[in-house]
Amino acid sequence: MSSQKKFYITTPIYYVNDQPHLGHLYTTVAADVLARYHRLLGEEVFYLTGTDEHGAKIEEKAKENGLEPQEFVDGIVAKFQSAWKDFNIDYDKFIRTTDKKHIETVQKALQHLYDKGDIYKGKYEGLYCRGCEQYKSQKDLVNGKCPDHNQEAEMMSEECYMFKLSKYSPQILKKIKSDEFKILPVERKNEVVGFYKEDLRDVAFSRKNVKWGIPLPWNKEQTAYVWADAFLNYLTGLGWTGEAGKAPAMWPAEVQLMAKDILRVHATIWPAMLLSLGLPLPKEFFVHGFFLVDGKKMSKTLGNVITPEELKKKYGVDAARYLLMAITPFGNDGDISWERLDEKYNAELANDLGNLVNRVILMVKQFNNSEIPKDDNFSSYPGFRDIYFTKEYFSGIENYFDNLQLDAVIKKIFSVIKDLNKGIGTYEPFKMDKEFRDGFLSSCLESIRIIAWLILPFMPETADKIFSQLGLDPIKEKSKKFREAIKWGGLKPGTKIKKGEPLFPRLK
Ligand code: MSP
């Protein structure tokens, strides 16, 4: 076995009843940032995302559009894939629940659960929300409506197959409490422990009236409950073929990302299925918050929807990725508005980062004929390396990444950018004598190179542009390992820099 550390990260697979929206983009970018960071560390990374394509809701939507379900989902899936391409999402696999291999494996896995008696014939009666594709209890509803979907829950009663969730609850709860199966942030863990205190009923695992689903192998009249089908993507996406007790090499996941809307199902049904299949539980769920626009839930009716395309059009891909990650602490709900996004763009990207790179490159062009100067006379000065790029600084960043505090990583990077800009303002290198100025500018360039490495997981294209401006070949530069690359001294005096277009033109 190799000693290389592994990192398996997943997003939820998204419903394809509609186009990708900002919430989907948020989770997907966050996972991409983490996957890119762990790749930089030299770990074996697998990043899985995809689409959840079965169920009543999608069947209905296809009908509304006058299309066969498969035709309908193919169209929407193409939109998700092209959005992820646009946003530079570097996943290792995009899983679709309509993939033939996924379907066969789900059937095999469910057959196993049935054979061992964890799935049994029963009857389920309750209030069902189509939006959530879940049964609800009275207390989940407000005036009979699901608060997440603002739609009446319908009374449903049907013969179906049930899954023995109750059999596994005590074991799961124990693992959650001991953090063997971590749920973060801790408030979310407490919430889950709360669910477990309620009497967790067995769940309906099949549907008679939903045709758009995976037929149960032992009773083709029924289709698999869409969540049972969907959860298994986390294994089929790794190529698992349904052997109980045999996990694929990348399983368990180091991190499974999701928002709080789907925590409850994830923290109950999914681990119970894993235990029933004789497989280990994921190491960690990280639950982030919800995006609100001007304090209100984004909705078409309210007309406050911000789409991924609009973000891209206004700010460009890297800035959009940055803004999503920077605008709110990861884990909390976030309120966004065009005003706040514009402000942040201008302050942090145009003024801080863009301006730093631009002014330093311009000075080197003006004073050093576009060649990286030597810093011979600067070593006696307590240079930027010792002030900013200390061991503690980098371990702080690593620590934030480990705890998924992505907004905190950004703040730490940008505090140095701000200080460097301030330093240039205070020390006015254009007034220094040549020797001192050469040292100062060379240190600025080296700092910018390190900053490009630090922002790389968030803004990969910008990092490349900065490397090029510094006269480096981005591909060659990126062949270095992160922990080596961030060491001071990667630039060679005499190298020609290349002034480029402004990285982040100011918005008017
Ligand atoms: N198909 C299920 C998940 C199955 S996973 C085995 C589903 N799909 S969904 O399309 O509704 O996606 C829900 C997820 O999208 C959330 O958990 C979150 O990751 C992301 N978001 C959707 N809207 C969001 C916001 N407004 N804010 C933040 N993230 C949100 O549930």
Side-chain angles (χ1 to χ4, degrees), residues 9-32 34 48-58 61 73 76-77 79-80 83-84 89 94-98 102 106 109 129-134 146-149 151 188 213-214 224-237 253 255-274 282 285-300 302 304-308 311 324-325 327-336 404 406:
I9 184 162
T10 67
T11 70
I13 46 170
Y14 307 113
Y15 286 131
V16 287
N17 54 326
D18 215 335
Q19 316 226 0
H21 64 67
L22 208 61
H24 301 136
L25 180 66
Y26 185 56
T27 317
T28 310
V29 169
D32 187 60
L34 289 161
L48 178 72
T49 189
T51 39
D52 190 354
E53 305 181 23
H54 291 124
K57 184 163 54 178
I58 288 161
K61 259 287 163 114
V73 297
I76 305 261
V77 168
K79 292 192 175 146
F80 271 88
W84 296 168
I89 306 297
F94 187 101
I95 178 92
R96 299 184 54 178
T97 56
T98 53
H102 172 84
V106 168
C129 167
R130 273 177 200 246
C132 299
E133 295 280 15
Q134 285 175 52
C146 161
D148 280 351
H149 294 93
Q151 106 191 4
R188 298 292 170 206
I214 302 182
Y225 176 42
V226 62
W227 278 98
D229 159 1
F231 282 132
L232 291 169
N233 96 84
Y234 297 136
L235 295 167
T236 60
V255 182
Q256 298 210 267
L257 283 185
M258 71 198 71
K260 57 187 182 177
D261 53 339
I262 54 175
L263 172 60
R264 187 187 172 119
V265 263
H266 266 85
T268 51
I269 301 176
W270 173 223
M273 287 176 79
L274 284 165
F285 280 177
F286 190 94
V287 185
H288 63 72
F290 248 64
F291 260 129
L292 305 172
V293 176
D294 290 325
K296 297 195 193 79
K297 202 177 161 186
M298 239 185 282
S299 90
K300 281 190 192 147
L302 291 173
N304 62 354
V305 174
I306 294 179
T307 66
L311 270 194
L324 287 177
M325 295 297 103
I327 201 112
T328 185
F330 200 53
N332 295 5
D333 281 344
D335 195 12
I336 61 169
L404 277 73
L406 299 177

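We're numbering straight along the sequence, starting at 1. Because the structure is predicted, anything quoted here is derived from the model rather than measured. We count ligands from 1, going down the list as the structure has it; atoms in each ligand are counted the same way.
Distances shorter than 4.0 angstrom occur between a heavy atom of Trp227 and an atom of ligand 1. Within the structure, ligand 1 has His21 among the residues with a heavy atom less than 4.0 angstrom away. Close to ligand 1: Gly289, with a non-hydrogen atom less than 4.0 angstrom away. Distances from ligand 1 to the non-hydrogen atoms of His288 include at least one value under 4.0 Å.
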Pair Leu404, Leu257 - check side-chain contact (heavy atoms from CB on, under 4.5 Å), show working. CA-CA 10 Å; Leu404 277 73; Leu257 283 185; 3.9 Å; yes
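A donor-acceptor contact closer than 3.5 angstrom links the side chains of Thr10 and Gln256.
Trp270 and Tyr234 have their aromatic ring centers within a separation under 6.0 angstrom.
Closest to atom 2 (C) of ligand 1, if we only count protein heavy atoms, is Ile13 O, 3.5 Å. Atom 7 (C) of ligand 1 has Tyr15 CE1, 3.4 Å as its closest protein atom, hydrogens excluded (heavy atom only).
Considering backbone and side-chain atoms together, Pro12 places no N or O closer than 3.5 Å to any N or O of ligand 1. Residue Ile262 has no nitrogen or oxygen atom sitting less than 3.5 Å from a nitrogen or oxygen atom of ligand 1, judged on distance alone. Considering backbone and side-chain atoms together, His266 places no N or O closer than 3.5 Å to any N or O of ligand 1. The N/O atoms of Asp52, backbone and side chain alike, include one that comes under 3.5 Å of an N/O atom in ligand 1. Residue Asn233 has no N or O atom closer than 3.5 Å to an N or O atom of ligand 1.
Note: Tyr14 and Phe80 have parallel aromatic rings, judged against thresholds of 30 and 60 degrees for the angle between ring planes. Relative orientation of the His288 and Tyr26 rings is perpendicular, given thresholds of 30° and 60° on the angle between their planes.
Contact annotation: for Asp261 versus ligand 1, heavy atoms closer than 4.0 Å belong to the side chain alone.
Distances from atom 6 (C) of ligand 1 to the heavy atoms of Tyr14, Tyr234, Phe291, Phe80 show the closest one on Tyr234.
Smallest separation of non-hydrogen atoms from Gly334 and Thr328: CA-OG1, 3.3 Å. Leu274 and Pro282 make their closest contact through CD1-CD, 3.6 Å (heavy atoms, listed as atom of the first residue, atom of the second, distance).
Taking CD1 of Ile306 as the start and CG of Leu324 as the end, the distance is 9.5 Å to the nearest 0.5 Å.
Salt bridge present: Glu53 and Arg96 bring a charged side-chain N and a carboxylate O closer than 4.0 Å.
If you number the atoms of ligand 1 from 1 as listed, the ones under 4.0 Å from a heavy atom of Gly23 come out as 20 (C), 21 (N), 22 (C), 23 (N), 24 (C), 25 (C), 27 (N), 28 (C), 29 (N), 30 (C). Counting the atoms of ligand 1 from 1 in the order shown, those under 4.0 Å from a heavy atom of Thr27 are 18 (C), 19 (O), 20 (C).
Not one N or O on the side chain of Lys260 forms a donor-acceptor pair closer than 3.5 Å with the backbone of Gly289.
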